[in-house]
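Handing you this structure, nothing more for now.
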Amino acid sequence: MSGMIYPQIFLAFGILGIPSQNAIFWKKNQTDDKEAFLAFRSLLIIADSEGDHNGPQEVNWKVHAELKRRYNISQKIEEEDAEVPVKQYEIFSIIASTLERTRHYLDRMTVSDFVKECCNQSYNLTTRQVYVDQFGVLRSLIVAKRLGPSGLFESVITCNLVTGNVDLLETFNWFGLTTLPGEIDHCGLNGENCLTTREPELINIRIPIICIILVLLTALGTFFVRRMTLQNRLADLVLRDIRLEEPETYRMGSQPRVTKLLDQLERAGFYGETPVYVQEFSTNTGVQRVAQNLALVDGLVAVSRARHPFIAEFYGISFNRTSSSLVFERPLKGPLHSVIRANEMIYDFDVRMQIMNAMILALHFIHTSDLSYHGAFSNEVCLINDRYVLRVTHAGFLRLLNLFRDEDSFRSCCRTSADKAAIIEQYRGDDIRNLGVILADMFNIDPYVKKELQFESTNTIHRKIHEMVARCLESESHARPTATDLKRWLTTIRVPKKNFVELLLDRLEKHSASLEETVQSRTEALLDETRKVDDLLREILPSAIITKLRNHEPIIAEIFDSVTIMFSDIPAFGLIVAQSEPLEVIDFLNHLHTAFDRVVAQFDAYKVETINDSYVVASGLPVRNGNRHAMAICQLAQQLLRAGAAVHIPAWGSVTICPRIGINSGFIAAGVAGTRAPRYCLFGDTMNTASRMESHGAANKIHVSSSTYELVKEARSRTKDAELNHLVFKARGLVSIKGKGLVNTFWLSSSAANDQQMAV
């Protein structure tokens with residue numbers, strides 16, 4: 001700075017004291033302070049008096065004294081905000097003055113009217129004279145300040161907005177001039193704008209300028225050559241004839257999105273016969289606009305050159321009439337987590353280690369290549385192709401998206417190499433953390449549980465994986481391992497040497513062996529359940545009928561020429577029901593019929609049905625047994641009398657049951673009736689006659705028809721079976737049977753007569 005005096009006037013304007021003299025630092029306690037003082041003497045600061053006016057000294061002291069007395073608030077007068085209490089005092093004074101002026105019609109005024117009364121008025125306050133304009137702004141003196149001899153800015157001119165007076169506060173001496181200062185000369189204050197005075201300087205800078213021009217020309221030439229090269233490479237990446245699918249056919253998975261970046265990865269299609277993901281990233285963007293963005297073209301070329309066994313390929317860029325899209329390889333098996341959950345047995349620990357190895361190698365390649373980072377690494381971009389190989393898709397997508405959608409913002413935050421490196425490291429740290437999330441889910445690891453508690457075994461590999469996952473999930477990015485550290489860590493664990501397909505074949509063999517064991521155990525369980533079902537069915541239908549049903553053979557009603565039917569009931573059942581509780585009756589019938597069922601199972605007979613106390617048994621159907629059915633039913637009837645005598649009614653003490661049994665032989669028609677709860681039903685006059693034998697019989701006796709008697713007599717004459725000697729028949733005589741008239745019947749007893757018991 002030269003020591004010249006500038007007679008021109010330089011002005012600085014402000015409101016509410018800003019800028020003020022305190023914002024202009026002309027004095028730095030250096031050797032050129034004197035020249036700076038003379039230069040700043042040419043400056044006038046024009047502003048209102050708000051910045052340094054605190055009112056008359058006595059008013060100021062009174063206000064602060066009241067603050068101290070009433071509210072115990074102490075404040076120094078010279079503090080920056082010491083004028084606040086005085087300003088509040090001024091506002092209240094204006095309101096009080098307005099109230100005094102409008103007191104006669106105040107009750108008819110609204111708040112808006114009162115505010116308008118305050119405006120466009122001058123007020124002679126104790127502190128100063130002010131004017132409130134139509135907008136309610138408080139106007140005070142306008143002051144012009146100049147740097148004085150003391151080194152401080154002092155007021156030299158004041159302007160009263162109320163009265164319009166302009167006052168000079170001192171004898172105004174502007175560097176001894178008697179006229180107004182002139183304008184700045186066209187050559188500048190020091191002639192710096194004229195060539196004659198700057199010719200030596202221009203000569204000294206010609207050579208550097210020429211050198212700079214040469215450098216710029218070289219750079220421009222390199223730029224245009226590189227631009228043409230990139231545009232030629234871009235032409236090789238432009239794809240055509242992309243066919244899109246409907247959204248419902250290619251959802252990437254049902255898991256929640258890890259990053260909002262993938263919210264739009266919902267378009268899939270085919271490039272020729274190759275399945276692809278199509279990401280629409282810009283509308284109304286053509287080839288020319290993309291070609292002009294060299295950074296984007298460079299990024300597209302870098303992504304297309306990324307080749308790795310575990311990274312899905314980037315095929316290129318597609319343009320249509322309304323938008324442009326990026327095209328990536330689409331592995332068909334789907335997201336990794338979905339494939340693993342659907343095949344838990346195949347994807348065992350060794351296979352998952354192989355997948356972990358593939359993920360780490362893919363991430364290491366991305367971080368050490370021109371891609372620098374993935375940016376959206378998650379479960380959603382780790383997919384399995386049709387060869388069951390891991391493919392990390394959308395590598396470089398975030399970088400291209402930044403260049404396309406937010407180019408200005410992205411470049412502004414990466415102006416320096418240090419800033420760019422910091423952002424890349426942040427993205428890499430996020431990739432490592434997302435890798436930890438994937439591995440924690442894949443190996444069922446809770447990183448917040450100590451490994452000593454999570455793994456009871458001493459498996460070293462498990463512990464190493466747990467430690468690595470915990471490091472990847474550290475909250476601080478610098479505490480996480482790098483991709484290079486993870487690749488080096490892989491050499492410390494035993495990763496299976498077999499490839500992915502070989503491991504899957506091993507798993508399939510193990511799965512096949514396990515499946516055979518499972519099938520065998522399930523088959524045995526099925527056979528056991530089938531036996532239980534057969535046993536239950538035999539209680540409902542005859543075995544021969546069950547066999548036909550299982551073989552899907554038609555069940556046709558049959559005619560049986562000779563069958564023996566037995567009816568049994570309890571003559572005193574009505575009395576039992578009347579004198580017993582319902583649950584006691586049910587319990588009694590259960591014991592009685594269970595005892596009868598055990599007896600029937602020992603003979604060639606079929607239990608037809610039970611209705612209340614009635615018990616019906618047949619022999620000679622559905623499997624014919626010649627004429628042995630009469631003998632079998634008679635022997636069965638004798639055993640049922642003994643079984644009934646063993647059944648007691650708890651409430652009746654030692655009283656026993658005396659069944660009444662009727663037997664008849666003859667012609668029967670039989671078949672299955674119904675499909676829900678089917679029954680094997682018998683029809684014919686033989687059934688009616690057997691029922692009449694039972695109803696016309698007596699308690700604890702067996703009433704036999706003449707047809708049954710003749711069959712037993714005939715069987716006894718043909719065989720010498722000793723069991724038939726126990727069958728003793730006694731003629732009862734003629735008995736009147738409904739629908740039959742008088743018929744000859746017999747009583748059946750045993751040669752070894754039972755002890756006489758009390759009958760009901």
Side-chain angles (χ1 to χ4, degrees), residues 564-600 603 605 607-618 633-665 682 686-709 727-740 742-750 753-760:
T564 299
I565 306 297
M566 185 202 79
F567 276 78
S568 171
D569 70 349
I570 307 298
F573 184 70
L575 183 61
I576 294 173
V577 172
Q579 298 183 8
S580 303
E581 295 293 332
L583 294 179
E584 293 178 345
V585 174
I586 293 175
D587 186 62
F588 159 69
L589 291 176
N590 179 53
H591 283 83
L592 177 64
H593 291 169
T594 301
F596 284 5
D597 290 343
R598 285 195 292 267
V599 175
V600 172
F603 292 87
K607 173 185 173 183
V608 179
E609 62 181 348
T610 58
I611 302 175
N612 292 334
D613 61 323
S614 298
Y615 196 88
V616 183
V617 181
I633 289 296
C634 290
Q635 292 175 335
L636 170 63
Q638 290 180 333
Q639 294 296 327
L640 290 182
L641 288 180
R642 298 188 182 94
V647 178
H648 299 273
I649 301 175
W652 290 22
S654 60
V655 177
T656 60
I657 300 304
C658 296
R660 179 175 61 182
I661 299 175
I663 301 175
N664 182 43
S665 300
L682 309 181
T686 302
M687 292 288 291
N688 296 331
T689 304
S691 176
R692 298 291 185 271
M693 291 294 103
E694 176 258 331
S695 61
H696 287 75
N700 208 30
K701 287 189 175 184
I702 303 172
H703 193 198
V704 182
S705 68
S706 59
S707 60
T708 303
Y709 171 76
L727 301 177
V728 179
F729 292 90
K730 180 181 178 181
R732 183 181 182 184
L734 295 175
V735 179
S736 178
I737 303 298
K738 182 180 179 181
K740 295 290 184 180
L742 295 174
V743 296
N744 194 23
T745 62
F746 299 84
W747 296 112
L748 172 63
S749 62
S750 175
N754 294 326
D755 295 334
Q756 187 175 3
Q757 299 179 16
M758 184 180 295
V760 175

On a heavy-atom basis, the closest approach of Ala637 and Ile661 is O-CD1, 3.6 Å

Please tell me whether Thr564 and Asn664 have a donor and an acceptor in their side chains that are separated by less than 3.5 angstrom. no

Residues His703 and Arg732: closest non-hydrogen pair is CE1-NH1, 3.0 Å

Here the gap from Ser568 atom OG to Glu694 atom CD, rounded to the nearest 0.5 Å, amounts to 7.0 Å

Asn744 and Gly733 have their tightest heavy-atom pair at OD1-O, 3.2 Å

Side chains of Arg660 and Lys701, heavy atoms from C-beta outward: is any pair under 4.5 Å? no

State, yes or no, whether a side-chain contact exists between Val617 and Tyr615 at a heavy-atom distance under 4.5 Å. yes

Quick one: CD on Gln639 to SG on Cys634, what's the gap to the nearest 0.5 Å? 12.5 Å

So, Gln638 side chain and Ser749 main chain: donor-acceptor pair closer than 3.5 Å or not? yes

Distance-only, no hydrogens or angles: does the Ser614 side chain make a donor-acceptor pair with backbone N or O of Asp569 under 3.5 Å? no

Is there a donor-acceptor pair under 3.5 Å between the side chain of Thr689 and the backbone N or O of Thr686? no

Measuring from atom CD1 of Ile565 to atom OG of Ser691, what distance do you get when rounded to the nearest 0.5 angstrom? 11.5 Å

So which heavy atom on His696 is nearest to which on Val735, and how close? CD2-CG1, 4.4 Å

Separation of Lys607 NZ from Met566 CE (nearest 0.5 Å): 11.0 Å

Would you say the side chain of Phe603 lies within less than 4.5 Å of the side chain of Ile633, judging by non-hydrogen atoms? no

Show the nearest heavy-atom pair for residues Cys658 and Pro571, with the distance to one decimal. O-CD, 3.4 Å

What do you reckon, is NE2 of His591 surrounded by more than 12 foreign heavy atoms closer than 6.0 Å? no

Between CG on residue Leu748 and CD on residue Gln635, distance to nearest 0.5 Å: 9.5 Å

Flag the pair Phe573 / Val585 as yes when at least one side-chain heavy-atom distance between them is below 4.5 Å, and no otherwise. yes

So does Leu583 have more than 12 non-hydrogen atoms from other groups sitting under 6.0 Å from CG? no

Is any side-chain heavy atom of Leu640 closer than 4.5 Å to a side-chain heavy atom of Ile702? no

Tell me, please, whether Trp747 has Lys730 positioned over its six-membered ring: NZ or CZ under 6.0 Å from the ring centre and within 45 degrees of its axis? no

Is Thr708 close to Phe729 at the side-chain level, that is, under 4.5 Å between some pair of heavy atoms? no

For a quick test of reading the model, state the closest non-hydrogen atom pair linking Ser707 to Ser665 and the distance between them. OG-O, 2.9 Å

For the residue pair Tyr709 and Phe746, categorise the inter-ring angle as parallel (less than 30°), tilted (30 to 60°) or perpendicular (more than 60°). parallel

Between Thr745 and Val704, is there a donor-acceptor pair closer than 3.5 Å when you use the side chain of the first and the backbone of the second? no

Phe588 CZ to Glu581 CD distance, which is reported to the nearest 0.5 Å: 15.5 Å

